[in-house]
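Order of listing sets the numbers, starting from 1, for every ligand and every atom in it. All residue numbers in this chain count up from 1 along the given sequence.
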Amino acid sequence: MQQKNNDQPPELVLASASPRRRELLQRVGLNFAVVPSTAPEDEIPGESPEQHVIRLSEAKAREVAGRAAQPGRYFIGSDTIVLRDDAILGKPADAGQAAAMLRTLSGRRHRVLSGFAVVDRASGKCYSGAVSTKVLFKQLTEAEISGYIATGEPFDKAGGYAIQGIGTFMVRSIEGSYSNVVGLPLAELLDLLAEIGAATPFPQAERTT
Ligand SMILES: Cc1cn([C@H]2C[C@H](O)[C@@H](COP(=O)(O)OP(=O)(O)OP(=O)(O)O)O2)c(=O)[nH]c1=O
């Protein structure tokens, strides 16, 4: 049985301001610190959506890992976008943009793409990947769109909706990872953390066996 020294800062650091990402990691019992990244979320012309989310995930993790005063060994970054055909839908800046996004998603299928990256500060290595989930929306009425926007929920969410929140009323079906839509592909991230020896879920339960 391995004893944990609780005075030590966690080795795992989530480089994110997203409460959804924090909640997802908390659910599987991991001990981690949360430090929002200030890496810019820019777009590079010609880059594929997969390259885009992986690059931003790596940039977020590397930015926090690069802070000399920041304790920790493994730094996790992630980035989520919604793809309607080839168009990237990020977070809507205002109600007009949110309405436009929801109209393009209405009655159709789109993809939610999340990148994830883990930087190991000890070796300098960065491991990353991307996961795609298909989501089908019901046809939305203008009243549903304006009513949903009035809840305030769309504004800090890629594509202007939250599958885990009120926005679930729009979702007819999904194909693929649910946590990936919420903002962090948990199964894939946990496999990676285990593979590189960074962490395993439910460490408490493991110690009792
Ligand atoms: C599609 C969808 C996205 N989202 C959220 C997940 C992300 O937080 C957000 C996409 O923006 P991101 O830029 O990926 O993340 P963020 O700015 O919220 O946090 P950080 O960069 O600091 O890690 O959209 C949901 O919560 N539910 C959904 O159904």
Side-chain angles (χ1 to χ4, degrees), residues 12-27 32-44 47 49-67 70 74-84 87-93 97-98 100-102 104-106 108-119 128-138 140 148-149 151-186 188-189:
L12 217 54
V13 179
L14 176 63
S16 174
S18 165
R20 280 77 57 176
R21 297 198 171 112
R22 191 185 60 229
E23 282 159 23
L24 284 167
L25 272 190
Q26 276 169 346
R27 279 189 211 170
F32 62 97
V34 179
V35 182
S37 167
T38 58
E41 298 199 13
D42 54 346
E43 283 185 36
I44 297 179
E47 198 178 36
E50 282 77 10
Q51 288 169 330
H52 173 84
V53 292
I54 289 173
R55 179 176 57 81
L56 292 188
S57 302
E58 291 182 358
K60 290 176 190 184
R62 283 190 197 282
E63 190 272 316
V64 176
R67 297 181 197 175
Q70 174 60 50
Y74 299 100
F75 295 78
I76 303 168
S78 186
D79 191 74
T80 300
I81 55 172
V82 165
L83 282 167
R84 179 65 215 126
I88 291 182
L89 308 182
K91 290 172 277 191
Q97 270 189 23
M101 285 183 187
L102 293 170
T104 65
L105 299 176
S106 173
R108 302 168 76 183
R109 205 177 294 277
H110 63 271
R111 278 208 298 148
V112 180
L113 193 63
S114 290
F116 62 102
V118 179
V119 167
S128 56
V131 177
S132 174
T133 306
K134 285 183 188 161
V135 180
L136 174 63
F137 266 22
K138 81 183 198 74
L140 299 170
Y148 180 53
I149 291 169
T151 67
E153 190 174 85
F155 293 107
D156 55 349
K157 320 286 184 326
Y161 75 95
I163 195 170
Q164 74 278 21
I166 304 161
T168 195
F169 83 93
M170 300 181 277
V171 178
R172 204 172 278 296
S173 65
I174 82 165
E175 197 181 315
S177 164
Y178 171 80
S179 59
N180 188 53
V181 182
V182 182
L184 197 63
L186 259 191
E188 290 77 3
L189 176 65

Crowding at NZ, K138 (>12 non-hydrogen neighbours, <6.0 Å): yes
Option among L105, T104, L89 that satisfies the side chain to side chain contact (heavy atoms under 4.5 Å, CB included) test with H110: L105
Nearest-neighbour protein heavy atom for atom 7 (C) of ligand 1, which is reported as residue plus atom name and distance: R21 NH2, 3.8 Å
Which residue holds the protein heavy atom closest to atom 13 (O) of ligand 1, what is that atom called, and what is the gap in Å? E41 OE1, 2.9 Å
Could you tell me whether V182 approaches ligand 1 through its side chain, its backbone, both or neither, with non-hydrogen atoms closer than 4.0 Å? backbone
What I'd like to find out is whether the side chain of I149 reaches to under 4.5 Å of the side chain of F155, using heavy atoms alone. yes
Tell me the contacting part of R20 for ligand 1: side chain, backbone, both, or neither, using a 4.0 Å heavy-atom threshold, strictly below. side chain
Under 4.5 Å between any side-chain heavy atoms of L56 and D42, yes or no? yes
Identity and distance of the protein heavy atom lying nearest atom 3 (C) of ligand 1: V181 O, 3.5 Å
So which protein heavy atom does atom 21 (O) of ligand 1 come closest to, and at what separation? K60 NZ, 2.6 Å
What atoms of ligand 1 come closer than 4.0 angstrom to any heavy atom of Q164? 25 (C), 26 (O), 27 (N), 28 (C), 29 (O)
To check you understand the geometry: which heavy-atom pair defines the closest contact between V64 and V13, and what is its length? CG1-CG1, 4.2 Å
Counting non-hydrogen protein atoms only, what is the nearest one to atom 24 (O) of ligand 1? Give residue, atom name and distance. A158 N, 3.0 Å
Numbering as shown, the atoms of ligand 1 that approach S16 to under 4.0 Å (heavy-atom distance): 19 (O), 20 (P), 22 (O), 23 (O)
Minimal heavy-atom distance between G160 and M101, with the atoms involved, is N-SD, 4.0 Å
With heavy atoms of T80 as the reference, note each atom of ligand 1 found under 4.0 Å away. 10 (C), 14 (O)
Tell me, please, which residues at least two apart from S179 pass side-chain hydrogen bond (donor to acceptor under 3.5 Å, both in side chains). S177
Using every non-hydrogen atom in the two residues, find where P154 and A98 come nearest and quote the distance to one decimal. CB-CB, 4.2 Å
Does any part of the side chain of F169, heavy atoms only, come nearer than 4.5 Å to the side chain of L140, both counted from C-beta? yes
For ligand 1, which atoms have a heavy atom of I163 less than 4.0 angstrom away? 27 (N), 28 (C), 29 (O)
Only heavy atoms of A17, strictly under 4.0 Å: list the atoms of ligand 1 that pass. 20 (P), 22 (O), 23 (O)
Would you mind checking which non-hydrogen protein atom is closest to atom 17 (O) of ligand 1, with the distance to 0.1 Å? K91 NZ, 2.4 Å
For atom 9 (C) of ligand 1, what's the nearest protein heavy atom and its distance? D156 O, 3.7 Å
